[in-house]
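Contents: one structure, followed by commentary.
What's counted below: heavy atoms across the whole structure, side chains too, no hydrogens, waters or symmetry copies.
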Amino acid sequence: VQLQAFGGGLVQAGGSLRLSCAASGGRTFNNYAMGWFRQTPGKEREFVAAISWNGGSIYYGDSVKGRFTISRDNAKNTVYLQMSSLKPEDTAVYFCAADAYGILGGTYAEPDEYHYWGQGTEVTVSS
C-alpha cells in the first residue's frame with residue numbers, strides 16, 4: 001500500500017491543523033491499522049496516535065492526549081489527525097503508517113510494528 005500524507009503547514013500556537021493520509025494500492029484499506037508518528041532532527045520517531053481497522057481501538061501518545069484526535073474513513077481510504085491547541089513542541093515532520101495486521105497489539109507505539117510508511121508532512125508551530 002502507498003501512503004500520502006498532507007495537510008501540514010505553519011500555524012500559530014493555540015491553533016489547529018488537520019492532517020490527512022490517503023492510501024492507495026495494496027489490500028482493502030480496512031485491513032490496515034493506521035498510526036501517526038512524528039520526528040524532529042536528531043530525535044527518534046515519536047508515537048502520536050493509532051487506530052485499528054474499524055476504529056474500535058484508539059491510542060494516543062501522552063504528549064498529545066486531549067489535544068489530537070485520530071479518525072479514519074474507510075470509504076475514502078483515508079486516516080486523519082485533527083490537531084488542536086498546538087504548541088511549539090508539536091513542530092515536527094508527521095508520518096502516517098500502516099500495520100498490515102489490522103488490529104493493534106501491545107506494540108502499537110513502536111515504529112517497527114508498522115509495515116508501510118508515507119513520506120511525511122511538515123508541521124511548524126510558531127510561538
Side-chain angles (χ1 to χ4, degrees):
V1 63
Q2 290 77 47
L3 303 174
Q4 178 80 29
F6 53 95
L10 174 64
V11 63
Q12 287 189 332
S16 300
L17 273 178
R18 188 176 81 157
L19 305 184
S20 301
C21 174
S24 61
R27 297 182 291 158
T28 305
F29 182 64
N30 63 13
N31 280 277
Y32 301 97
M34 300 297 296
W36 286 97
F37 289 75
R38 65 187 183 187
Q39 190 169 24
T40 54
K43 293 190 176 182
E44 293 186 352
R45 202 160 285 192
E46 178 190 6
F47 171 72
V48 175
I51 186 168
S52 62
W53 70 276
N54 64 350
S57 296
I58 290 176
Y59 301 98
Y60 295 99
D62 289 341
S63 61
V64 306
K65 279 181 184 175
R67 300 188 298 121
F68 290 12
T69 302
I70 189 171
S71 62
R72 65 189 295 158
D73 185 338
N74 287 341
K76 295 183 178 179
N77 294 347
T78 302
V79 63
Y80 305 97
L81 185 69
Q82 178 67 48
M83 306 186 295
S84 303
S85 302
L86 283 161
K87 305 175 182 180
E89 50 264 44
D90 294 318
T91 295
V93 177
Y94 284 71
F95 298 88
C96 61
D99 177 346
Y101 295 120
I103 60 175
L104 295 172
T107 54
Y108 61 83
E110 299 296 327
D112 288 345
E113 172 73 12
Y114 299 84
H115 304 92
Y116 306 97
W117 291 84
Q119 87 291 354
T121 184
E122 189 166 2
V123 172
T124 302
V125 183
S126 62
S127 56

Determine yes or no for a side-chain-to-main-chain donor-acceptor pair under 3.5 angstrom, with [X] supplying the side chain and [Y] the backbone.
| X | Y | value |
| --- | --- | --- |
| Arg27 | Ala100 | yes |
| Asn54 | Gly102 | no |
| Thr121 | Gly8 | yes |
| Arg45 | Arg38 | no |
| Glu122 | Tyr94 | no |
| Tyr60 | Ile70 | yes |
| Thr91 | Thr124 | no |

Heavy-atom closest pair, residues [X] and [Y]:
| X | Y | result |
| --- | --- | --- |
| Ala92 | Thr40 | CB-CG2, 3.7 Å |
| Val1 | Ala98 | CG1-CB, 4.3 Å |
| Gly105 | Tyr108 | O-CD2, 3.1 Å |
| Ser127 | Pro88 | CB-CG, 3.8 Å |
| Gly25 | Gln2 | CA-OE1, 3.9 Å |
| Lys43 | Gln39 | O-NE2, 3.0 Å |

Does the side chain of Ser63 come under 3.5 Å of the side chain of Glu46 through a donor N or O and an acceptor N or O?
->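 A pair is found: one side chain offers a donor N or O, the other an acceptor, under 3.5 Å apart.
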Under 3.5 Å, is there a donor-acceptor pair linking the side chains of Gln12 and Ser126?
->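 Note: Gln12 and Ser126 side chains miss the donor-acceptor criterion.
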Close side-chain approach of [X] and [Y], heavy atoms under 4.5 Å:
| X | Y | result |
| --- | --- | --- |
| Asn74 | Thr28 | no |
| Val123 | Val125 | yes |
| Gln82 | Ser16 | yes |
| Trp36 | Phe68 | no |
| Tyr80 | Thr69 | no |
| Trp53 | Phe29 | no |
| Val48 | Phe95 | no |

Nearest-0.5 Å distance that lies between atom [atom1] in [X] and atom [atom2] in [Y]:
| X | Y | atom1 | atom2 | result |
| --- | --- | --- | --- | --- |
| Leu17 | Leu10 | CG | CG | 9.0 Å |
| Thr107 | Asp112 | OG1 | CG | 9.0 Å |
| Thr78 | Leu3 | OG1 | CG | 10.5 Å |
| Met34 | Asn77 | CE | CG | 9.5 Å |
| Phe6 | Cys96 | CZ | SG | 9.5 Å |
| Arg72 | Ser52 | CZ | OG | 7.0 Å |

Between Lys87 and Asp90, is there a side-chain N and carboxylate O pair less than 4.0 Å apart?
->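 Judged by the 4.0 Å cut-off on N to carboxylate O distance, Lys87 and Asp90 do not form a salt bridge.
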Please tell me whether [X] and [Y] are part of a single hydrophobic cluster in this structure, the criterion being side-chain heavy atoms less than 4.5 Å apart.
| X | Y | value |
| --- | --- | --- |
| Tyr116 | Ile51 | yes |
| Val11 | Leu81 | yes |
| Met83 | Ile58 | yes |

Taking the six-membered ring for Trp, is the centroid-to-centroid distance between Tyr114 and Phe37 below 6.0 Å?
->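 Yes, close enough.
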Aromatic contact, His115 with Tyr101 (centres under 6.0 Å) | yes
Full working for side chain to side chain contact (heavy atoms under 4.5 Å, CB included) between Gln119 and Gln4 | CA-CA 7 Å; Gln119 87 291 354; Gln4 178 80 29; 3.3 Å; yes
